[in-house]
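Have a look at the structure below, then the notes.
Just so it is clear: chains get the letters A, B, ... in the order the sequence lines come, proteins before strands, and each one is counted from 1. Only this structure's heavy atoms are used, side chains among them; waters, hydrogens and symmetry mates stay out.
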Amino acid sequence: MTPISKLFTLYSIHIVPEVIMQRLRIKNVLSEGHAGQPVTVCGWVRTKRESKGIAFIALSDGSTQDTLQLVVSETSPAFQILARCNTGAAIKAAGSLKESPAQGQKFEIEVSEIEIFGDADPASYPLQKKGHTLEFLREIGHLRPRTNTFGAIFRVRNILAEAVHEFFQGRGFIWVHTPVITASDCEGAGDMFTVTSLPLESLPRAAGGVVDFSQDFFGKHAYLTVSGQLEAEFLAMSLGDVYTFGPTFRAENSNTSRHLSEFWMIEPEMAFADLKDDMLLAEDFFRFLCRRALEKGESEIAFLEKFYKNTSVAGLKDLAEKSFVHITYTDAVRELEKSGEKFEFPVKWGLDLQSEHERYLTDKVFKGTVIVTDYPKEIKAFYMKMNDDGRTVAAMDVLVPKIGEIIGGSQREERVDVLTERMSKSGIPVENMQWYLDLRRFGSAPHAGFGLGFERLVQYITGMQNIRDVIPCPRAPREIKF
RNA sequence: UCCCGGGUAGCUCAGCCGGCAGAGCAGGUGGCUGUUAACCACCCUGUCGGGGGUUCGAAUCCCUCCCCGGGAGCCA
């Protein structure tokens, strides 16, 4: 079968009848099937249970959390091929759908025919008919999506990705595609990956021995983006309300369960909006995503709840309805100071909140999601709007229990003089950023936005404790496969 | 990058004050007419992470490197 004909089997059963498998997805069989219907399904064997004269196969095709039970009796010609239907084998099964007489599943297929596409030698196939640790599965990233757990995670990831677009499109936001390769090296304090086509074994040098990027592909030093925000700003200052949803890269040597070198980020940016609008949007957005995850992925969430206990259907329902607590940084510091709690790091106005402080606020004080606003200007980025007090900026961090910061946002500084001063004080090369200042010189307006780390969202919804388990191909220091 | 904890059968782990390398699961074979990570019986399974050292003798003690996990910093 050619790749093209494979596509036809998925999307059209009318165009090329001679190559059709007339395969039904297990998801559809279970939700729309009726007893007596002839069905053909394709998938991978999860388990096989043999008894004298009858055998049961649990088949998964990735379309849904549930497996489909195939019943093969002694009288079926398929009985002869059972020895090859081992865990992991790819097969096609045809038969008649019937209501299952036993507990555990509504439907099953009385199989008349089985075709093996690909065997899986049980002695060497790494996925056994037993539970595996997430650490082990991380080592076989190409096979782990075949497990219940990762099937659930990646389906939930898809549900959330769709929901992101649904939310913004429903509110008239325009999806903009900001660049993956950028020349702005001042977006964040973080280290960036250089993009170059220079010969690494003999780099051209300029005066002082520094690499001469004027000879590079773009004629200047280029990087992988660490944020689409700055570009999203000029699109918001023309299109109104926009959002980005794409990959982001950080070259930091972070070895944690919450960081990736390549991750996906969602960054809405709104013209004619202030911090309050920003907070409202963040809250509506987050709650919408929780709601959609439950509506479209309840069986996945329920599975993850049952086996890992770090997420729950009830908890997400609660979150989807409960409003967030709002607190200013100044009040948060006061709250921490009066708590009497022994912290490893000091709590003092002007110092950034540490993970332990954030966790104390979400887990102990408010027992839920908290938005902290109005941080001291010294600990936040140059583009954030200076408040009237001259000490704080209109920033917000959305903190969720266990994960910590999931959204970071702010109202942007729209006054050209204030922004210029903050840039030079922060060591930002103003001469390279004239385009950014132009937005404040010509038709400037209040605007605001935030960034949401998509994997942290998936982590939060699925309850996965390690961020490397919510993306198919995790990239981290010294970790790159495929 | 720093601080802890680990690396022993395909997987999960016990063995670690030196003295014949183990269990459960998985796998194989046989049994069982409806199973649900089926069940019962028997069988198979090793570079004890790599290298070096101490010792009559090292999975066990020492040094070193690599890898994994948890926490911290940076952040989303």
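Residue contacts shown for A:G404 are absent, as no nucleic acid heavy atom lies under 4.0 Å away. Within the 4.0 angstrom heavy-atom criterion, only backbone atoms of the sugar-phosphate kind lie near A:T133; the bases stay farther away. At the heavy-atom level, A:I406 lies under 4.0 Å from the strands shown only through sugar-phosphate atoms.
At a threshold of 4.0 Å, the pair A:R25-A:D61 does not count as salt-bridged, since none of the basic side-chain nitrogens sits closer than that to a carboxylate oxygen.
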Exercise for review: Heavy atoms under 4.0 Å is the rule here; annotate nucleotides 27-32 of chain B 5' to 3' with B where the base is hit, S where only the sugar-phosphate is, and - elsewhere.
Suggested key: SS---B

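With hydrogens and angles left out, the side chain of A:Q69 and the base of B:U35 share a donor-acceptor pair within 3.5 Å.
For the pair A:N255 CG and B:C75 P, the computed distance is 16 Å after rounding to whole Å. Distance, A:Q459 CD to B:C75 C1': 13 Å, rounded to whole Å.
Pairing partner, B:G5: B:C68, with both Watson-Crick or wobble hydrogen-bond distances short of 3.5 Å. With a 3.5 Å ceiling on both atom-pair distances, the Watson-Crick or G-U wobble partner of B:C39 is B:G31.
Taking only side-chain atoms of A:R250, from C-beta outward, the nucleotide of B:U35, B:A76, B:U1 with the closest atom is B:A76. Comparing B:G73, B:A37, B:G34 against the side chain of A:S254 picks out B:G73 as the nearest. When distances run from any side-chain atom of A:Q105 to the nucleotides B:U35, B:G34, B:C11, the shortest one goes to B:U35.
Residues from residues 256-265 of chain A with heavy atoms under 4.0 angstrom of RNA chain B, sorted by number: A:T256, A:S257, A:R258, A:H259, A:L260, A:F263, A:M265. Proximity of residues 344-365 of chain A to RNA chain B (heavy atom under 4.0 angstrom from any strand atom) is restricted to A:F345, A:Q354, A:S355, A:R359.
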Between the protein and nucleotides 44-47 of chain B, list every N/O to N/O distance that falls short of 3.5 Å.
none

Between the protein and nucleotides 64-69 of chain B, list the N/O to N/O atom pairs that are separated by less than 3.5 angstrom.
from	atom 1	to	atom 2	distance (Å)
B:G69	OP1	A:R138	NH1	3.0

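For A:W264, the ring-ring contact (aromatic ring centres under 6.0 Å, His included) test picks out A:F245, with sequence neighbours left out.
Checked against the 6.0 Å centroid threshold, A:F324 and A:H326 do not count as a close aromatic pair.
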